[in-house]
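Take this structure, written in structure tokens, and hold onto it; I'll ask about it next.
Note that this is a predicted model, so its numbers are computed, not measured. What's counted below: heavy atoms across the whole structure, side chains too, no hydrogens, waters or symmetry copies. Here is the naming used below: chain letters follow the sequence lines, and residue numbers restart at 1 for every chain.
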Protein chains: 2
Amino acid sequence: MAEIQSLAKGLKILNLLEHSRNGMGTTEVATQLEIDKSSASRLLHTLAKYGFVEQDQLTARYLLGPQLVTLGQHLLNRITLRDHARPYLHELVDKTGECAHLAILAQRQALYIDQVESTAALRVESEIGTLSPLYCTALGKILLAFGDSRIPDELTPFTHRTVTDRSTLEAQLAQTSKRGYAIDDEEYNYGVRCVAAPVYDHKSALVGAIGISGPAGRVTLERIDEFGSVVVSIAAALSARLGYDFNLR
Amino acid sequence: MAEIQSLAKGLKILNLLEHSRNGMGTTEVATQLEIDKSSASRLLHTLAKYGFVEQDQLTARYLLGPQLVTLGQHLLNRITLRDHARPYLHELVDKTGECAHLAILAQRQALYIDQVESTAALRVESEIGTLSPLYCTALGKILLAFGDSRIPDELTPFTHRTVTDRSTLEAQLAQTSKRGYAIDDEEYNYGVRCVAAPVYDHKSALVGAIGISGPAGRVTLERIDEFGSVVVSIAAALSARLGYDFNLR
DNA sequence: ACGTTTGTTGCATATTATGCAACTTTAGTT
DNA sequence: AACTAAAGTTGCATAATATGCAACAAACGT
């Protein structure tokens, strides 16, 4: 179906603004979208009118607006999985000492919807709301292996360990579904290993993935299986909490 | 300036979806916006293409999409005030035993950007991301009294204590700026009293408000001044943290 | 004070969003 | 299972509107 172009342009502006650190001016937006600055000006005014962008008082540059917080938070609150998963994420942190994450599938990527940090003192940059590729993160591999997503056409490498070969990845996914947990061995971020397992709902449908991530020095390959079984058992407990019936499998 | 109408329609759809519990269908959206269902269909498809709405797999109804979480959370993370204020909110909770909130001005309303709950057990519905009126909440009154917003034309009552008279409100705001804290005496929610104080940045400009809210039974009128001075002193400490120089006042 | 860059407005034109109608699909009812 | 009703999508002609241009205004830096 043909898209409504002026709406699409407005949405593209929002995406542009996400990736700009200090906002953007009218001309800058116009250049990026390859439209006239008059059009950019009018689109920005419309977005501002509804609170989706906001002008910095000082620099007059456009920033993402409060309405996005309102709508985004509203949606997060509706995602009940998040509420149910909270205590299990804490349990994961308690048992492994590493950071715990919860992700769901969105836009063919892994959307992080909650996070519990290991040490409150050492605050990691919050990753809630970020999208990550499916093929090189543990949470993503779970969504690939147990869900019905396809492997993307392009396997862009992030580190030298990122699996860029399709058949290698397929073999990994087969192994993942067999043993029940997925591993990210410094495939997305250097020095970070992750382990994840699937979460099912009452209808035995995959709803998300939970997992842990930590420095490769602590999450060693020798202890991976150990971490794996912890993650799997807690993911299973969460699934049971959601009404998942193990007898149905 | 004239708004781009098709973009505006798309944004209106997002606002509509926020207030629907179980999503909306194409026809329903069309009816609400008073446009043809073919237009609604095309707008929804465009929104979906960019992840701003999502179709429920089961019911085929449209819901707010993950892109809003991504953008909203992204913005929240950028609001550094929130990070700085965290420990002060906890301090407020420790000293008063009530819930603490942080709000900024957005869209001529008070946007709650963080919250620390008093008792972890008794979880209050999360209010982060919600917009509240300025004229009948403590946080809002601070933004009115110390900021440069105008009193809205319509003072819609929420309880029988809501101040709907313009001059009465002006007198309250004058009193507020004199004593340094604002009170909401069951003016927005029955049984809830709130106390709030202003937060300034390094340039002595108002950046937000912090405050506490609790049941009228605990936050009694006799103890209001006591709560007020606690809130004021912590708000001042936070302002100092942000580089606010008291000698400049 | 100057030129330079950025943002806004008026207007004619061409693009595009729109409503209508026909059609397809899904859900509900007898 | 057959039928009816409602919801959603697509093609198409037309009307609406978004667009670029140009001129203008404002802010910035030299």
Item to complete: Test B/Gln172 against B/Val163 for side-chain contact (heavy atoms from CB on, under 4.5 Å), laying out the working first.
Response: CA-CA 9 Å; B/Gln172 273 198 5; B/Val163 177; 3.6 Å; yes

B/His45 atom NE2 is separated from C/dA17 atom P, nearest whole Å, by 15 Å

Nearest heavy-atom contact between A/Leu43 and A/Lys9 is CD1-CB, 3.9 Å

Contacts of A/Asn15 meeting side chain to side chain donor-acceptor pair (under 3.5 Å) (sequence neighbours excluded), chain-then-number -> B/Gln67

From CD1 of A/Ile13 across to C1' of D/dA18 the rounded distance in Å is 13 Å

Exercise. How long is the line joining CD of A/Gln55 and P of C/dT6, in whole Å?
Worked result: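 Between P of C/dT6 and CD of A/Gln55: 15 Å.
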
When rounded to whole Å, the CD to C1' distance for the pair B/Glu3 and D/dA16 reads 15 Å

Can you see if the side chain of B/Ser41 gets near the phosphate of D/dG8 - specifically, an N or O under 4.0 Å from OP1 or OP2?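 Looking at the OP1 and OP2 atoms of D/dG8, neither is under 4.0 Å from any side-chain N or O of B/Ser41.
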
Min side-chain heavy-atom separation A/Val199-A/Leu206 under 4.5 Å: no

| request: Can you check whether any acceptor in the base of C/dG7 is under 3.5 Å from a donor in the side chain of A/Arg42, or vice versa? | output: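 A donor-acceptor contact between them is absent.
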
The correct set of residues in residues 26-38 of chain A placing a heavy atom under 4.0 Å from DNA chain C is A/Thr26, A/Thr27, A/Lys37, A/Ser38

| message | Could you tell me if A/Arg86 sits above the aromatic ring of A/Tyr88, with its cationic atom closer than 6.0 Å to the ring centre and no more than 45 degrees from the axis? | response | no

Between CG of B/Leu43 and C1' of D/dT9 the distance, given in whole Å, is 14 Å

